[in-house]
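We use all heavy atoms of the structure for the numbers below, so side chains are in, but hydrogens, waters and symmetry mates are not. Predicted, not measured: the structure shown is a model, and the values here were computed from it.
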Amino acid sequence: KLSRNSLLVRGHDDSNTLDGMQSHPDSVPFTFWDTLRSTIEDDGLTLYMVLDEAHRGMGKRPSDTPTIVKRLINGHSGVPPVPIVWGISATVQRFEAAMTEAEVQSNRVHLGTVQVDPVRIQESGLLKDDIVLDFPAETGDFNTVLLRRGVRKVKALSDAWAAYAAEQGTEPIRPLMVLQVPNRPAADEVAAAIDVICDEWPELESDAIAHVFGDHTAQTFGMHSVPYISPERVQDASYIRVLLAKDAISTGWDCPRAEVMVSFRSAKDETHITQ
């Protein structure tokens, strides 16, 4: 909403915008940044900024210019910083580093972090009791080895949930396996992965595989047509047992029935891996 092409930041006066935008036919007399400045400078108001998934937007762009989030926090081009910022994240390192930097550079106060008891989050189902990372010791095609192992794991979990539900007289949980692929996956590689899944899980229903790629349309991989589903619908769409994803499930995605993830993506950043 605050990118340089958004209607919220197009103003008649170039000096009123952070990006020095030229006047546009759809521009407005007061931009978002004008409103933000006026609100912060109003002595009768106190502005709070609540930043969910606060690890996002804390880095620097390749050109070493601040991100939009950091412009809001620290101020930029005549717009003062937001007075009070609350950050919420399961991985707080980036946010804390950015706040420490702001404290040094802008003479601001960085208050201590408040930690929520992980047991309370586990009770809500949003945090697993155990997270097991598995790396293949075998030689050969690691992707296939991991994928078959992941399918066997989710099938075993499905059987365990079914037995538990029968014992308790409740509806069974239908565990989900997430297959995370690179940003530009080769169609034949995805097709081969789906073939492996179907070979290992022959009883899988025809509509049990979906994707959450940026292209919000059905995707064709070899002989397989895979429909799109929005991430927030996956939890309740229990007929979906395998989800193909890129970055959509990397942060802020709540799906307690997602029990197994097989990732074909390489990652080095600790925050990204944890998320």
Side-chain angles (χ1 to χ4, degrees), residues 1-116 183 214 216 230-232 246-254 267-275:
K1 297 298 184 183
L2 301 181
S3 65
R4 63 173 59 246
N5 294 321
S6 170
L7 295 178
L8 284 175
V9 301
R10 291 175 180 165
H12 292 321
D13 183 355
D14 290 348
S15 64
N16 286 338
T17 68
L18 286 184
D19 292 308
M21 294 291 294
Q22 297 296 317
S23 183
H24 187 276
D26 292 326
S27 60
V28 292
F30 299 100
T31 70
F32 168 84
W33 302 108
D34 295 322
T35 304
L36 182 63
R37 182 192 301 113
S38 299
T39 305
I40 293 172
E41 293 175 348
D42 189 324
D43 292 335
L45 297 174
T46 301
L47 181 65
Y48 298 81
M49 176 180 174
V50 182
L51 187 61
D52 194 14
E53 303 297 349
H55 55 279
R56 302 189 68 181
M58 291 299 120
K60 293 183 177 180
R61 297 173 178 171
S63 59
D64 205 34
T65 58
T67 63
I68 291 175
V69 173
K70 294 187 79 170
R71 295 181 190 186
L72 287 164
I73 293 172
N74 298 323
H76 190 75
S77 296
V79 179
V82 174
I84 300 173
V85 179
W86 295 343
I88 305 169
S89 177
T91 51
V92 298
Q93 292 87 348
R94 292 180 186 172
F95 180 74
E96 288 192 326
M99 295 304 98
T100 299
E101 182 182 349
E103 185 177 29
V104 173
Q105 295 182 354
S106 306
N107 195 30
R108 303 187 71 178
V109 177
H110 179 194
L111 298 180
T113 298
V114 176
Q115 182 168 340
V116 178
N183 281 339
H216 295 182
S230 57
E232 65 273 11
K246 296 177 183 176
D247 267 336
I249 51 90
S250 293
T251 186
W253 180 59
D254 296 332
K268 297 181 180 179
D269 178 70
E270 182 179 349
T271 293
H272 179 77
I273 294 170
T274 305
Q275 284 287 335

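- Distance check, rounded to the nearest 0.5 Å: CH2 of W86 to CG of D52 gives 13.5 Å.
- In this structure, NZ on K1 lies 7.5 Å from CG on L8, to the nearest 0.5 angstrom.
- For D43, there are no side-chain contact (heavy atoms from CB on, under 4.5 Å) partners two or more places apart in sequence or in a different chain.
- Scanning both residues, R37 and G78, for their nearest heavy atoms gives NE-O, 3.2 Å.
- Rounded to the nearest 0.5 angstrom, L36 CG and L47 CG are separated by 6.5 Å.
- Note that CE of M58 is 3.5 Å distant from CD1 of I73, once rounded to the nearest 0.5 Å.
- Between E101 and K70 a salt bridge is recorded (basic side-chain N to carboxylate O distance below 4.0 Å).
- Among residues two or more places apart in sequence or in another chain, the side-chain hydrogen bond (donor to acceptor under 3.5 Å, both in side chains) test is passed with T39 by none.
- Judged purely by atom type and a 3.5 angstrom limit, R56 has no side-chain atom pairing as donor or acceptor with the backbone of V69.
- Closest non-hydrogen pair, P81 versus R108, comes out as CB-NH1, 3.6 Å.
- Although no hydrogens or angles enter the test, the distance criterion places no donor-acceptor pair under 3.5 Å between the side chain of T31 and the main chain of V9.
- In this structure, CG in L2 is found 6.0 Å from CG in L72, a value given to the nearest 0.5 Å.
- Panel note: side chain R94, backbone A54; no donor-acceptor pair is recorded below 3.5 Å.
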Inset, instruction - Begin with the C-alpha distance, continue with both residues' side-chain angles, and end with the deciding distance and a verdict on side-chain contact (heavy atoms from CB on, under 4.5 Å) for I84 and T46. - result: CA-CA 8 Å; I84 300 173; T46 301; 3.9 Å; yes
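- The line from CH2 of W33 to NE2 of H76 is 8.5 Å long, rounded to the nearest 0.5 Å.
- Under the rule for a side-chain hydrogen bond (donor to acceptor under 3.5 Å, both in side chains), the partners of E232 that lie at least two apart in sequence or sit in another chain are S230.
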Inset, instruction - Give the intermediate values and the outcome of side-chain contact (heavy atoms from CB on, under 4.5 Å) for residues F95 and T100. - result: CA-CA 9 Å; F95 180 74; T100 299; over 6 Å; no
